[in-house]
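One structure is given below, encoded as structure tokens.
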Amino acid sequence: EMLAIVNSKPEKSKDAKKGVVIYDPHGWAKRLNAAINYSWIGLFWGTDEDAINAVVMELPSQQAFLDTAQVYKDTYGIALMEDLVGDLDPATIDKYRKLIIAKPKK
């Protein structure tokens, strides 16, 4: 499961400044799905909140979140927020909403 998260991390441009991530809604959606459907040794299912937090913090804008949510729905057949609400407590969902709203629109 951890390899799925690591392998879906977006590529960084060789010419980009350190810390600049290529815009990758597909990679973010894949990482979020791996974090939501996390299992340990294939037996214990849960949610990797640290991995979700890492993706949310990496998103550069509200539009990036919307694009990622669309890719998530197209790929996994369920709305991203529906999956998150089903796995996280309301306070955590509220924290992520505030983080996303605080980001620039584009």
inquiry  = What's the separation between atom NE2 in His26 and atom OG1 in Thr75, rounded to the nearest 0.5 Å?
reply    = 6.5 Å

inquiry  = Please tell me whether Ile36 and Met81 are part of a single hydrophobic cluster in this structure, the criterion being side-chain heavy atoms less than 4.5 Å apart.
reply    = yes

Atom of Ala64, atom of Ser61 and distance for their closest heavy-atom approach = N-OG, 3.1 Å

task = Carefully, step by step, assess Leu59 and Leu99 under the rule side-chain contact (heavy atoms from CB on, under 4.5 Å).
result = CA-CA 10 Å; Leu59 294 170; Leu99 285 171; over 6 Å; no

note = Rounded to the nearest 0.5 Å, the OG1 atom of Thr47 sits from the CG atom of Leu84 at a distance of 8.5 Å

inquiry  = Distance check, rounded to the nearest 0.5 Å: Arg31 atom CZ versus Thr68 atom OG1?
reply    = 10.0 Å

ask   = For the hydrophobic clusters of this structure (ILVMFWY residues joined by side-chain heavy atoms under 4.5 Å, transitively), does one cluster hold both Ile101 and Tyr96?
value = no

inquiry  = Whether the Asp67 and Tyr23 side chains hold a donor-acceptor pair (N or O, under 3.5 Å, no angle test) is what I'd like checked.
reply    = yes

ask   = Any donor-acceptor pair under 3.5 Å linking the side chain of Gln62 with the backbone of Lys103?
value = yes

key: Contact check, side chains of Lys95 and Asn53, non-hydrogen atoms, under 4.5 Å   = yes

inquiry  = With clusters defined by side-chain heavy atoms of hydrophobic residues (ILVMFWY) lying less than 4.5 Å apart, directly or transitively, does Leu80 cluster with Leu88?
reply    = yes

request  = Kindly give the heavy-atom pair with the smallest separation between Val71 and Pro25, and that separation in Å.
outcome  = CG2-CB, 4.0 Å

key: Test item: Gln63 and Leu66 side chains (from C-beta on) under 4.5 Å apart, heavy atoms   = yes

message = One pair to check against side chain to side chain donor-acceptor pair (under 3.5 Å): Gln70 and Asp74. What are the steps and the verdict?
response = CA-CA 6 Å; Gln70 185 60 53; Asp74 293 347; 2.8 Å; yes

query = Does Val85 share a hydrophobic cluster with Tyr72, counting links as ILVMFWY side-chain heavy atoms below 4.5 Å and allowing steps through other members?
reply = yes

task = Quick one: closest heavy-atom pair of Ala35 and Ile52, and the distance?
result = CB-CG1, 3.6 Å

key: Nearest-0.5 Å distance, OG1 of residue Thr92 to CG of residue Asp87   = 11.0 Å

query = Are Phe65 and Val56 joined in one hydrophobic group, where the rule is that I, L, V, M, F, W and Y side chains link up if heavy atoms are under 4.5 Å apart?
reply = yes

